[in-house]
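Following: one structure in structure tokens, then a few remarks.
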Amino acid sequence: MPSVPDLPDVVLWSIPAFVLLTVLEMVSYRLHPEEPDSPVVGYEAKDAATSVTMGLGSLFFDALWKVPIVAIYSVVHELTPLRVPVEWWTLPLMLLAQDFFYYWSHRGHHVIRVLWACHVVHHSSRRFNLTTALRQPWTSVTSWPFYLPLVVCGVHPAALAFCSSVNLVYQFWIHTERIGRLPRPIEFLFNTPSHHRVHHASQGDYLDRNFGGVLIVWDRLFGSFAPETEPCVYGLTKNIDTHNPLRVATHEYVAIARDLRGAKDWRERAGRLFRGPGWQPATSTRPRTDGGGAGPLGPDPSAPSAS
């Protein structure tokens with residue numbers, strides 16, 4: 001594989017900023033608490049500790065998943081005749097392309113239940129603050145197929161990893177209720193705290209909206225955008241009410257296994273895995289067991305609500 005210039009470990013270099021900004025946000029709630037009737041939910045010690053624990057655990061598990069993923073990307077990169085050089089002018093284009101495929105990966109992880117079982121971890125907190133950004137899944141092996149087209153087109157796996165890290169670091173600061181709406185041009189182009197609050201909300205027309213990473217224009221283009229018009233209720237449509245990291249990481253897989261055991265035929269089993277989190281067989285009256293739900297964009301909009 002051709003050598004590439006050394007690219008910085010963006011996540012590692014950002015850790016001091018993560019810590020500093022989180023402490024500042026916590027202090028801001030102490031110095032300027034919200035009014036008792038405010039919809040802002042702020043911090044809760046056990047919830048924040050769970051989010052941090054999930055983040056630390058994800059570092060370990062991501063390192064394990066990285067081995068087979070890098071192997072697959074490397075083989076594909078060797079087989080493709082295409083090459084994208086890592087230059088100052090190609091990096092912005094690669095960042096743009098990675099953000100585009102991130103949109104589809106993120107959207108897929110909301111509307112396909114077996115993928116949602118991974119991503120549901122990030123939505124399991126009923127709080128919305130900077131520690132929520134750290135609440136990452138331990139089974140992120142499900143994302144790599146969405147980025148294969150970039151490797152096929154000649155993007156070096158190391159450059160892809162760099163772009164993914166930039167995307168991840170960008171999204172840290174948008175997990176806050178302390179920032180309101182930003183100037184209109186920024187809100188139109190970029191993912192902002194206002195847009196991301198909608199994404200983490202669990203009510204009504206907010207479900208399954210605003211999937212963008214850095215840019216919100218993908219949502220505007222593909223019909224998944226929703227503006228923030230009312231206070232957000234965070235968490236899942238059926239909250240799990242636990243701070244146990246292992247249960248947070250695995251609860252949806254357990255629910256899927258339970259549904260598969262109770263399925264009547266292979267068609268229902270396929271639906272339990274590959275249709276939306278809210279899907280039920282047409283003749284089923286059983287309550288849903290998943291922790292979230294595909295909203296207006298889900299594969300089966302006629303599925304019963306989980307609210």
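The figures that follow rest on heavy atoms only: side chains count, while hydrogens, waters and symmetry mates do not.
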Task: Electrostatic pair Arg126-Asp241, nearest N-O below 4.0 angstrom - done: yes
Open item on the list: Does either side chain, that of Tyr103 or that of Ser224, offer a donor lying less than 3.5 Å from an acceptor on the other one?
Closed with: yes
Task: Aromatic plane relationship, Phe211 with His106 - under 30° parallel, 30 to 60° tilted, over 60° perpendicular - done: perpendicular
Task: Shared hydrophobic cluster, Tyr234 / Val40 (ILVMFWY, side-chain heavy atoms < 4.5 Å) - done: no
TODO: Answer yes or no: are there more than 12 heavy-atom neighbours, outside Phe225 itself, under 6.0 Å from its atom CZ?
DONE: yes
- [ ] Report yes or no: is the cationic atom of Arg269 (NZ for Lys, CZ for Arg) under 6.0 Å from the centre of the six-membered ring of Trp266, at an angle within 45° of the ring normal?
- [x] yes
Open item on the list: Nearest 0.5 Å, please: how far is CZ in Phe146 from CG in Leu148?
Closed with: 10.5 Å
Open item on the list: I'd like to know if the side chain of Thr132 reaches the main chain of His175, judged simply by a donor and an acceptor atom lying under 3.5 Å from each other, with no hydrogens or angles considered.
Closed with: no
TODO: Measure the spacing between CG of Leu130 and CG of Leu20 and express it to the nearest 0.5 Å.
DONE: 10.5 Å
Open item on the list: Donor-acceptor pair, distance only, cut-off 3.5 Å: does the side chain of Asp62 make one with the backbone of Leu59?
Closed with: no
Open item on the list: Testing the basics here: between Thr242 and Asn244, what is the closest heavy-atom pair and its distance to 0.1 Å?
Closed with: OG1-N, 3.1 Å
Open item on the list: Does the structure place the NZ or CZ of Arg197 under 6.0 Å from the centre of the six-membered ring of Tyr206, at an angle of no more than 45° from the ring's axis?
Closed with: no
Open item on the list: If you define the side chain from C-beta out and look only at heavy atoms, does anything of Val84 sit under 4.5 Å from Leu82?
Closed with: no
Task: Beyond-backbone contact of Val120 with His251, side-chain heavy atoms, under 4.5 angstrom - done: yes
Open item on the list: Below 30° counts as parallel, above 60° as perpendicular, anything between as tilted: where do the rings of His122 and His196 land?
Closed with: tilted
Open item on the list: Once rounded to the nearest 0.5 Å, what's the spacing between atom CH2 of Trp279 and atom CZ of Phe274?
Closed with: 12.0 Å
TODO: Report yes or no: do Tyr253 and Thr139 form a side-chain donor-acceptor pair below 3.5 Å?
DONE: yes
TODO: For the pair His123 and His110, name the ring-plane relationship: parallel under 30°, tilted 30 to 60°, perpendicular over 60°.
DONE: perpendicular
Task: Spacing of CG belonging to Leu150 relative to CZ belonging to Phe100, to within rounding of 0.5 Å - done: 9.5 Å
Task: Check: Lys66 and Ile69 side chains under 4.5 Å, non-hydrogen atoms - done: no
Task: Main-chain N/O of Trp138 paired to Trp65 side chain as donor or acceptor, under 3.5 Å - done: yes
Open item on the list: Suppose we call two aromatic rings close when their centres sit under 6.0 Å apart. Are Phe222 and Trp104 close by that rule?
Closed with: yes
TODO: Mind listing the closest non-hydrogen atom pair of Ser28 and Arg178 along with its distance?
DONE: O-NH2, 2.8 Å
Open item on the list: Counting C-beta onward and ignoring hydrogens, is there a side-chain heavy-atom pair between Cys163 and Leu95 closer than 4.5 Å?
Closed with: yes
- [ ] Could you tell me whether the side chain of Asp99 and the main chain of Leu215 form a donor-acceptor pair under 3.5 Å?
- [x] yes
Open item on the list: Could you check whether Tyr43 and Glu25, counting side-chain N and O atoms only, form a donor-acceptor pair closer than 3.5 Å?
Closed with: yes
Task: Which atom of Cys118 lies closest to which atom of Ser140, heavy atoms considered - done: SG-CA, 3.9 Å
Open item on the list: Using a 3.5 Å distance criterion without hydrogens, assess whether the side chain of Gln203 forms a donor-acceptor pair with backbone atoms of Val233.
Closed with: yes
Open item on the list: For a quick test of reading the model, state the closest non-hydrogen atom pair linking Ala226 to Arg209 and the distance between them.
Closed with: CB-CG, 3.8 Å
Open item on the list: When you measure from the side chain of Thr90 to the backbone of Glu87, do you find a donor-acceptor pair of N or O atoms at a distance under 3.5 Å?
Closed with: yes
Open item on the list: Has His195 got a side-chain atom pairing as donor or acceptor with Thr192's backbone, closer than 3.5 angstrom?
Closed with: no
Task: Validation row: Thr237, Leu207 side chains within 4.5 angstrom (heavy atoms) - done: yes
Task: Between Asn129 and Thr131: side-chain donor-acceptor atoms closer than 3.5 Å - done: yes
Task: N-O pairing of Asp259 and Arg272 below 4.0 Å - done: yes
Open item on the list: Between Arg135 and Asp47, is there a side-chain heavy-atom distance shorter than 4.5 Å?
Closed with: yes
Task: Any donor-acceptor pair under 3.5 Å from Thr80 side chain to Val76 backbone - done: no
- [ ] Check whether any side-chain N or O of Arg83 sits under 3.5 Å from a backbone N or O of His77 as a donor-acceptor pair, and report yes or no.
- [x] yes
Task: Trp173, CH2 atom: more than 12 neighbouring heavy atoms under 6.0 Å - done: yes
Open item on the list: Quick one: does any side-chain atom of Ser58 pair with a main-chain N or O of Gly55 as donor and acceptor, under 3.5 Å?
Closed with: yes
Task: Between CG on residue Leu160 and CH2 on residue Trp144, distance to nearest 0.5 Å - done: 12.5 Å
Task: Contact check, side chains of Glu177 and Tyr29, non-hydrogen atoms, under 4.5 Å - done: yes
Task: Closest contact, heavy atoms only, Leu182 versus Glu187 - done: N-OE2, 2.7 Å
Open item on the list: Measuring only between side-chain heavy atoms, which start at C-beta, is Phe172 closer than 4.5 Å to Ser14?
Closed with: no
TODO: Find the distance between CG (Asn191) and CD (Gln171) and round it off to the nearest 0.5 Å.
DONE: 6.0 Å
- [ ] State, to 0.1 Å, how close Asn210 and His199 come at their nearest heavy-atom pair, and which atoms those are.
- [x] O-ND1, 3.2 Å
